[in-house]
Number of protein chains: 2
Amino acid sequence: MSEDERAVARERVIESMEQSAEVYGLSRSAGRIYGVLYFFEEPLSIPELVDETGYAKSTISNVTRTLTRVGLIRRRSSKGGGRRVQYTAEREVWFILQDVFQQYVQREIQTTLRTIQRAQAQLPDDSEPEAERIEELRDTYEDLQEILSLVSEFTAAELRDALESYDR
Amino acid sequence: MSEDERAVARERVIESMEQSAEVYGLSRSAGRIYGVLYFFEEPLSIPELVDETGYAKSTISNVTRTLTRVGLIRRRSSKGGGRRVQYTAEREVWFILQDVFQQYVQREIQTTLRTIQRAQAQLPDDSEPEAERIEELRDTYEDLQEILSLVSEFTAAELRDALESYDR
DNA sequence: CAGTTTATTCGGCTTACTCCGAACAAACAA
DNA sequence: TTGTTTGTTCGGAGTAAGCCGAATAAACTG
């Protein structure tokens, strides 16, 4: 009974991860591969992931690359057992989120902010309504940038605490 | 010179919005339509948006629907001037973000959390390592849920202040 | 060395998305 | 009523993405 039940529970959670992956702009296969790695104690090689997931070798190769780039899994080249590369899941979800925010959202905000600033600099102060609109945008984006850079230094528990204890 | 310069500045910012739209999973057209509405004082009808953007009527119709659903623009039926529906941009970016988090991210987290809880309930306590893994997941997701629901009550300035003044 | 195992790259198939134009529907104007 | 304006829906063309299998490359084993 034990192994069976565990497999069912695992499968449910992994399916949920597939779905989440789609919501956040990754492929279903990425969700599954991450999920399988999430539950495995030991690092897995590509052939092992092929066995576990049923995906083609090439798919595993491509998806592991993007998962590594995004920071969801880690690659370790273990020359040891003859197998060459192995992957483990980054299980600290909070770290993953911080990474994503830092890598993508912050970056996105920064380039937008630069565009806004350039547009603003080149625009006479009195040109309504554009000047006002752009000014508003800049303020918001500067707030966002500051918030994100602050959040990147918090743990989840700290952030929660900071919000709960804040008195307006 | 004035109108010309303003048009250039507007165009730059709108192009940047097109790009952001893509990053966040919307189409380029969605970014442009939002951008055009963002800078216009008065609400615009679909034919006017066709003129301003160059997109086909059907495209405007479809994209405005999704933009409305997401909360980026608002639809008002003005029976007044013969034109039937008109759109305005929601310019408070912070509200938009809160909306998105509430509608999509919170929802996503909630369904995931439910799945995790079900899997956990149905799993004997001593079934390592699954039980531990699922327990970790649940904790993180509960933190996330709490953080998001707290953030939804903050303004951007308040959030910034809360983070800046928090002392560990 | 040849043979085996592993990882990446390439071309192709299928599916999904974006956008368009045409057809249709609904409200108004004469 | 007929004609006009506006909005939605539908089918299709072009394009991008996911995944596969085969070919290739690179490292180890005998």
Side-chain angles (χ1 to χ4, degrees), chain A residues 14-15 17-37 42-70 72-88 104, chain B residues 14-15 17-37 42-70 72-88 104:
Chain A
I14 291 178
E15 272 169 19
M17 286 174 171
E18 283 181 333
Q19 210 173 331
S20 302
E22 265 187 322
V23 171
Y24 298 121
L26 294 171
S27 57
R28 286 188 85 73
S29 54
R32 172 155 298 267
I33 291 171
Y34 174 80
V36 168
L37 288 173
E42 325 82 36
L44 294 186
S45 65
I46 290 188
E48 286 165 339
L49 281 170
V50 169
D51 287 346
E52 290 297 328
T53 64
Y55 283 113
K57 212 179 16 163
S58 54
T59 304
I60 305 283
S61 174
N62 288 320
V63 174
T64 47
R65 181 171 45 226
T66 80
L67 283 176
T68 305
R69 181 157 38 81
V70 179
L72 277 157
I73 66 177
R74 258 200 283 275
R75 179 196 193 102
R76 54 175 64 168
S77 17
S78 77
K79 304 266 181 183
R83 276 141 178 166
R84 288 193 277 186
V85 300
Q86 293 187 307
Y87 295 94
T88 54
Y104 298 94
Chain B
I14 291 177
E15 273 169 18
M17 285 174 171
E18 282 182 332
Q19 209 174 330
S20 302
E22 266 188 321
V23 172
Y24 297 122
L26 294 171
S27 57
R28 286 188 85 71
S29 54
R32 173 155 297 268
I33 291 171
Y34 175 79
V36 167
L37 288 173
E42 325 83 36
L44 294 186
S45 65
I46 290 189
E48 286 165 338
L49 280 170
V50 169
D51 288 347
E52 290 296 328
T53 64
Y55 283 114
K57 212 178 18 161
S58 55
T59 303
I60 305 284
S61 173
N62 288 320
V63 174
T64 48
R65 182 172 44 228
T66 80
L67 283 175
T68 305
R69 180 157 38 82
V70 180
L72 278 158
I73 65 178
R74 258 199 285 274
R75 179 195 192 102
R76 53 175 64 168
S77 19
S78 77
K79 304 266 180 183
R83 274 144 179 165
R84 288 192 278 187
V85 300
Q86 294 186 307
Y87 295 94
T88 54
Y104 297 94

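Throughout, a chain's letter reflects where its sequence line sits, starting with A, and its residues are numbered from 1.
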By side chain to side chain donor-acceptor pair (under 3.5 Å), B/Tyr24 pairs with (sequence neighbours left out) A/Glu108
Who pairs with B/Arg74 by side chain to side chain donor-acceptor pair (under 3.5 Å), at least two apart in sequence or on another chain? B/Glu90
How long is the gap from CG on A/Leu67 to CG on A/Leu37, to the nearest 0.5 Å? 8.0 Å
Considering only heavy side-chain atoms of B/Arg65, the closest of C/dT8, D/dT9, D/dG7 is D/dT9
Among residues at least two apart in sequence or on other chains, which ones pass salt bridge (Lys or Arg N to Asp or Glu O under 4.0 Å) with A/Glu15?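 Listed in chain order: nothing, the list is empty.
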How many Å lie between [atom1] on [X] and [atom2] on [N], as a whole number?
| X | N | atom1 | atom2 | value |
| --- | --- | --- | --- | --- |
| A/Ile46 | D/dC28 | CD1 | P | 16 Å |
| A/Arg69 | C/dT8 | CZ | C1' | 15 Å |
| B/Gln86 | C/dA27 | CD | P | 17 Å |
| B/Arg84 | C/dA25 | CZ | P | 14 Å |
| A/Leu49 | C/dT8 | CG | P | 12 Å |

Do any pairs count as a salt bridge (Lys or Arg N to Asp or Glu O under 4.0 Å) and have a residue in residues 17-26 of chain B, sequence neighbours left out, and if so which ones? B/Glu18-B/Arg28, B/Glu18-B/Arg32, B/Glu22-B/Arg28
In B/S/- notation (B base, S sugar-phosphate only, - none; protein heavy atoms under 4.0 Å), nucleotides 18-24 of chain C written 5' to 3' is SSBB---
Please list every donor-acceptor pair under 3.5 Å in which a side-chain atom of residues 52-59 of chain B meets a protein atom from a residue at least two apart or in another chain.
{"residue": "B/Thr53", "atom": "OG1", "partner": "B/Leu49", "partner atom": "O", "Å": "2.7"}
{"residue": "B/Thr53", "atom": "OG1", "partner": "B/Tyr55", "partner atom": "N", "Å": "3.2"}

Reckon A/Ser61 has a side-chain N or O less than 4.0 Å from the OP1 or OP2 of C/dT8? yes
